[in-house]
Amino acid sequence: MEILLAVLLSFSGAILSPLVHWLTRKRGGALLSVIPFLLFAWASVKMWHVVDGATFQETIPWIQCLGLDLVFRIDGLSIFFLMLITGFGVLIHIYANAYLSHDTNKPRFFVFLSLFMGSMVGLVLSGSLLLLFVFWELTSLSSYMLIGYYHEREKSRDSALQAMLVTVLGGLFML
């Protein structure tokens, strides 16, 4: 359940963003950077076990009559990407908090950013094709919302649509 909890924690910023920004006003994004930092620290501890040759896998029964399970896995490649995602996640949260300091929709941006980070974390920790596809599609959706954050601008909408088409087509080919 440890890996599942890490994936769920990575999505928690999306739920907490409106509340954190309402309570702290200007420091919301910086406070939300604690989530990727905790995940980075957890991944750093796991990394030493992986370097010694260990792999971690969790299988959670889901739809037993169809034989579908939720499988999460940590190995050398996934721990590398997990540390990359969460390490940059900390920096992006801090930078975006300062960059968007006067943006009234900043909580919405951090919802999208947390959804994207959570999707990426789930993607690299997925141990089955089913989860890989689900998190790929969540990444497509969240990147669309993130790229189209300034939805009142035509260029932003066009770029978001282009990104969505590319990632959805990639998902269809993967399927």
> Say you draw a straight line from CG of L123 to CE of M120; how long is it, rounded to the nearest 0.5 Å?
Replying inline: 5.5 Å
>> Closer than 4.0 angstrom, basic N to acidic O: yes or no for E2 and K46?
In response: yes
> Applying the 4.5 Å side-chain criterion to the ILVMFWY set and letting contacts propagate, would I15 and L141 be lumped into a single cluster?
Replying inline: no
>> For the OG atom of S159 and the CZ atom of R153, what is their distance to the nearest 0.5 Å?
In response: 11.0 Å
> Is the side chain of D75 donor-acceptor paired with the backbone N or O of S78 at a distance under 3.5 Å, no angle test?
Replying inline: yes
>> Do M47 and V50 make a side-chain contact, defined as non-hydrogen atoms from C-beta onward lying under 4.5 Å apart?
In response: no
>> Keeping S101 on the side-chain end and A98 on the backbone end, is there a donor-acceptor pair under 3.5 Å?
In response: yes
> Rounded to the nearest 0.5 Å, how far apart are CH2 of W48 and CD1 of I79?
Replying inline: 11.5 Å
> Where the side chain of S33 meets the backbone of H93, is there a donor-acceptor pair that is under 3.5 Å apart?
Replying inline: no
>> Would R73 and S126 count as a side chain to side chain contact (heavy atoms under 4.5 Å, CB included) here? Give the steps.
In response: CA-CA 6 Å; R73 180 177 171 82; S126 63; over 6 Å; no
>> If we ignore hydrogens and angles and just use 3.5 Å, is the side chain of E58 paired with the main-chain N or O of I3 as donor and acceptor?
In response: yes
> Just wondering, more than 12 heavy atoms not from F37 lying within 6.0 Å of its CZ?
Replying inline: no
> Going hydrophobic residue to hydrophobic residue with side-chain gaps under 4.5 angstrom, can you get from V7 over to I35?
Replying inline: yes
> Would you say I60 and D69 make side-chain contact, with heavy atoms under 4.5 Å?
Replying inline: no
>> If you define the side chain from C-beta out and look only at heavy atoms, does anything of V124 sit under 4.5 Å from F80?
In response: no
> Out of curiosity, does F72 fall in the hydrophobic cluster containing V45 (side-chain heavy atoms, cut-off under 4.5 Å, transitive links)?
Replying inline: no
> Does a side chain donor of either N97 or K26 reach within less than 3.5 Å of an acceptor in the other side chain?
Replying inline: no
>> side chain to side chain contact (heavy atoms under 4.5 Å, CB included), that's the test. Do F11 and S119 meet it? Break it down for me.
In response: CA-CA 8 Å; F11 283 105; S119 300; 3.9 Å; yes
>> I want to check something: taking the side chain as every heavy atom from C-beta on, are D103 and Y149 in contact at a cut-off of under 4.5 Å?
In response: yes
> Can you check whether P107's main-chain N or O pairs, donor with acceptor, with S17's side chain at less than 3.5 Å?
Replying inline: yes
> Do L113 and L146 touch side chain to side chain, with heavy atoms closer than 4.5 Å?
Replying inline: yes
>> Do L82 and I85 have side chains that approach each other closer than 4.5 Å (heavy atoms only, starting at C-beta)?
In response: no
> Does atom CD of E154 have more than 12 heavy-atom neighbours, drawn from other residues, nucleotides or ligands, at distances under 6.0 Å?
Replying inline: no
>> With rounding to the nearest 0.5 angstrom, report the CD1 to OH distance, I92 to Y99.
In response: 14.0 Å
> In terms of heavy-atom contacts, does CG of L129 have more than 12 from other residues, nucleotides or ligands at under 6.0 Å?
Replying inline: no
>> How long is the straight-line distance from NZ of K155 back to OH of Y150, given to the nearest 0.5 Å?
In response: 15.0 Å
>> Starting from W42, can I reach V90 by hopping between I/L/V/M/F/W/Y residues whose side chains sit under 4.5 Å apart?
In response: no
> Would you say the side chain of S156 lies within less than 4.5 Å of the side chain of H151, judging by non-hydrogen atoms?
Replying inline: no
> Does T86 reach the main-chain N or O of G89 with its side chain, forming a donor-acceptor pair under 3.5 Å?
Replying inline: no
>> Does Y144 have more than 12 heavy atoms from other residues, nucleotides or ligands lying within 6.0 Å of its OH?
In response: no
> Do other residues, nucleotides or ligands put more than 12 heavy atoms under 6.0 Å from R157 CZ?
Replying inline: yes
> Has Q162 got more than 12 heavy atoms of other residues, nucleotides or ligands less than 6.0 Å from its CD?
Replying inline: no
>> If we ignore hydrogens and angles and just use 3.5 Å, is the side chain of S114 paired with the main-chain N or O of V111 as donor and acceptor?
In response: no
> Which distance, rounded to the nearest 0.5 Å, do you find between the CZ of R27 and the CG of L31?
Replying inline: 8.0 Å
> So, for A96 and F109, which heavy atoms are closest and what is the spacing to 0.1 Å?
Replying inline: CB-CE2, 3.6 Å
> Would a hydrophobic clustering, with Ile, Leu, Val, Met, Phe, Trp and Tyr connected at side-chain separations under 4.5 Å, put F88 with I147?
Replying inline: no
> Looking only at heavy atoms, what is the nearest atom pair of P18 and A14, with distance?
Replying inline: CD-O, 3.8 Å
> Within the side chain of W136, is there an N or O that forms a donor-acceptor pair under 3.5 Å with the backbone of T167?
Replying inline: yes
> So which heavy atom on L39 is nearest to which on A6, and how close?
Replying inline: CD2-O, 3.5 Å
> Is the closest side-chain heavy-atom distance between L16 and F110 below 4.5 Å?
Replying inline: no
> How far apart are the C-alpha atoms of L4 and L70, what are their side-chain angles, what is the distance that settles it, and do they pass the side chain to side chain contact (heavy atoms under 4.5 Å, CB included) test?
Replying inline: CA-CA 9 Å; L4 175 62; L70 303 178; 5.6 Å; no
>> Using every non-hydrogen atom in the two residues, find where H49 and F56 come nearest and quote the distance to one decimal.
In response: CB-CZ, 3.6 Å
